[in-house]
Amino acid sequence: MSTPAQRMVAEQLRPHGVTDERVLQAMAEVPREEFLAPRMRRHAYEDRALAIECGQTISQPLVVALMTQAASPNPGDIALEVGTGSGYAAAVLSRLCRKVVSIEREPALAEHASETLRRLGFDNVEVAVGDGSLGWPAEAPYNVILVAAAASGVPQALIDQLADGGRMVIPVAVSPHEPQDLRVYVRRGADVIFRSLFPVLFVPLRTG
Ligand code: SAH
């Protein structure tokens with residue numbers, strides 16, 4: 001017998017470019033329904049973004065998987081996530097890294113996500129309330145940075161907090177009339193270069 005999360009991996013993720021076995025394993029192990037309100041749970045394994053509190057969304061599973069894969073997390077890494085939302089993507093990432101610091105600007109979402117993560121035993125995730133465009137200097141630098149909200153430019157603080165060899169995956173709003181460009185930024189010493197992955201639609205990164 002397979003679980004709904006295992007079927008999601010087989011039917012929605014493997015056939016669509018998710019090849020990293022560690023990422024697939026993590027996606028099979030995190031129960032997405034637990035991060036949703038009871039009335040949304042029957043939709044948990046549809047491959048789409050779903051509404052959570054505060055007018056925000058839990059990202060589409062395929063997008064979570066492809067972003068996580070693009071960040072190439074390693075077991076010893078420390079990761080920063082901007083935009084905790086439900087806590088789902090942080091839970092997936094926490095299975096692949098040593099520690100995840102996740103920042104959410106809505107206190108109600110941060111509190112709820114933190115409770116869910118604690119209840120399910122994801123104890124290497126620390127949720128903080130704040131403006132994630134400033135990063136979280138206390139634990140910097142980060143080997144992995146995942147940004148789950150779109151900015152028109154990449155916040156300098158996030159570039160500054162990326163470790164040598166570190167990877168940041170972020171949706172960049174290039175124009176208000178087009179989908180955002182999901183990018184991977186990689187630091188090599190003083191140089192930071194990026195490549196584009198694919199177009200995406202994220203909620204805006206609200207700064208200040
Ligand atoms: N990763 C989440 C999806 C988050 S949606 C999940 O798996 O459920 C994006 C989130 O970013 C929203 O919760 C929104 O409140 C938050 N957000 C927007 N601007 C932010 C900022 N400047 N700092 C921190 N969080 C922010």
Side-chain angles (χ1 to χ4, degrees), residues 5 8 12-13 23 26-27 29-37 40-41 43-71 73 79-97 100-117 119-120 122 125-140 142 144-159 161 168-173 179-180 182 200-208:
M8 171 186 82
Q12 298 166 15
L13 306 184
V23 172
M27 297 286 301
E29 286 172 6
V30 178
R32 191 169 185 252
E33 69 278 10
E34 298 285 347
F35 295 84
L36 293 166
M40 296 302 289
R41 287 192 181 155
H43 301 295
Y45 294 96
E46 294 170 16
D47 193 25
R48 58 184 177 100
L50 296 167
I52 56 173
E53 296 158 85
C54 304
Q56 303 302 314
T57 53
I58 176 172
S59 306
Q60 180 188 349
L62 180 61
V63 172
V64 172
L66 290 172
M67 284 180 82
T68 307
Q69 173 170 277
L80 176 71
E81 184 197 29
V82 175
T84 315
S86 67
Y88 175 70
V92 171
L93 189 57
S94 78
R95 305 305 306 259
L96 302 165
C97 291
V100 178
V101 178
S102 184
I103 311 189
E104 171 55 56
R105 70 174 299 151
E106 295 282 351
L109 284 176
E111 192 180 326
H112 192 170
S114 178
E115 267 169 32
T116 307
L117 291 161
R119 173 167 57 81
L120 298 173
F122 294 98
V125 184
E126 183 187 321
V127 179
V129 177
D131 177 359
S133 67
L134 304 175
W136 194 256
E139 312 239 16
Y142 300 96
V144 166
I145 301 181
L146 288 190
V147 184
S152 53
V154 180
Q156 187 59 42
L158 297 181
I159 302 254
Q161 291 172 36
M168 166 161 54
V169 183
I170 180 169
V172 178
Q180 302 129 12
L182 187 67
V200 284
L201 280 177
F202 276 87
V203 297
L205 184 72
R206 286 161 300 135
T207 56

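When a ligand or atom number is given, it counts from 1 through the structure's own listing order. Below, each value reflects all heavy atoms present in this structure, side chains not excepted, and no hydrogens, waters or symmetry copies.
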Checklist entry - So how far is it from S133 OG to Q156 CD, rounded to the nearest 0.5 Å? => result 12.0 Å
Checklist outcome for this item: Output for pair (L146 CG, L80 CG), nearest 0.5 Å, gives 8.5 Å
Checklist entry - Going by atom types only, do S102 and T84 share a side-chain donor-acceptor pair under 3.5 Å? => result yes
Next on the checklist: Could you check whether any side-chain N or O of R32 sits under 3.5 Å from a backbone N or O of Y88, counting only pairs where one atom can act as donor and the other as acceptor?
Outcome noted: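 Side chain of R32 to backbone of Y88: no pair is present.
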Checklist entry - Just by distance, do the side chain of E104 and the backbone of E111 share a donor-acceptor pair under 3.5 Å? => result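 Side chain of E104 to backbone of E111: no pair is present.
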Item to check | Qualifying residue, where the test is side chain to side chain contact (heavy atoms under 4.5 Å, CB included) with S86 and the options are L109, T116, I58 | outcome: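 The passing option is I58.
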With the criterion set at N/O pairs under 3.5 Å, what does the list of contacts between the protein and ligand 1 look like, atom names and distances included?
unit_1: ligand 1; atom_1: 1 (N); unit_2: E81; atom_2: OE2; d: 3.0
unit_1: ligand 1; atom_1: 1 (N); unit_2: G83; atom_2: O; d: 3.1
unit_1: ligand 1; atom_1: 7 (O); unit_2: A89; atom_2: N; d: 3.1
unit_1: ligand 1; atom_1: 8 (O); unit_2: S86; atom_2: N; d: 3.0
unit_1: ligand 1; atom_1: 8 (O); unit_2: S86; atom_2: OG; d: 2.6
unit_1: ligand 1; atom_1: 13 (O); unit_2: E104; atom_2: OE1; d: 2.7
unit_1: ligand 1; atom_1: 13 (O); unit_2: E104; atom_2: OE2; d: 3.4
unit_1: ligand 1; atom_1: 15 (O); unit_2: E104; atom_2: OE2; d: 2.6
unit_1: ligand 1; atom_1: 15 (O); unit_2: R206; atom_2: NH2; d: 2.9
unit_1: ligand 1; atom_1: 19 (N); unit_2: R206; atom_2: N; d: 3.0
unit_1: ligand 1; atom_1: 22 (N); unit_2: D131; atom_2: OD1; d: 2.9
unit_1: ligand 1; atom_1: 22 (N); unit_2: R206; atom_2: O; d: 2.8
unit_1: ligand 1; atom_1: 23 (N); unit_2: G132; atom_2: N; d: 2.7
unit_1: ligand 1; atom_1: 25 (N); unit_2: R105; atom_2: N; d: 3.3

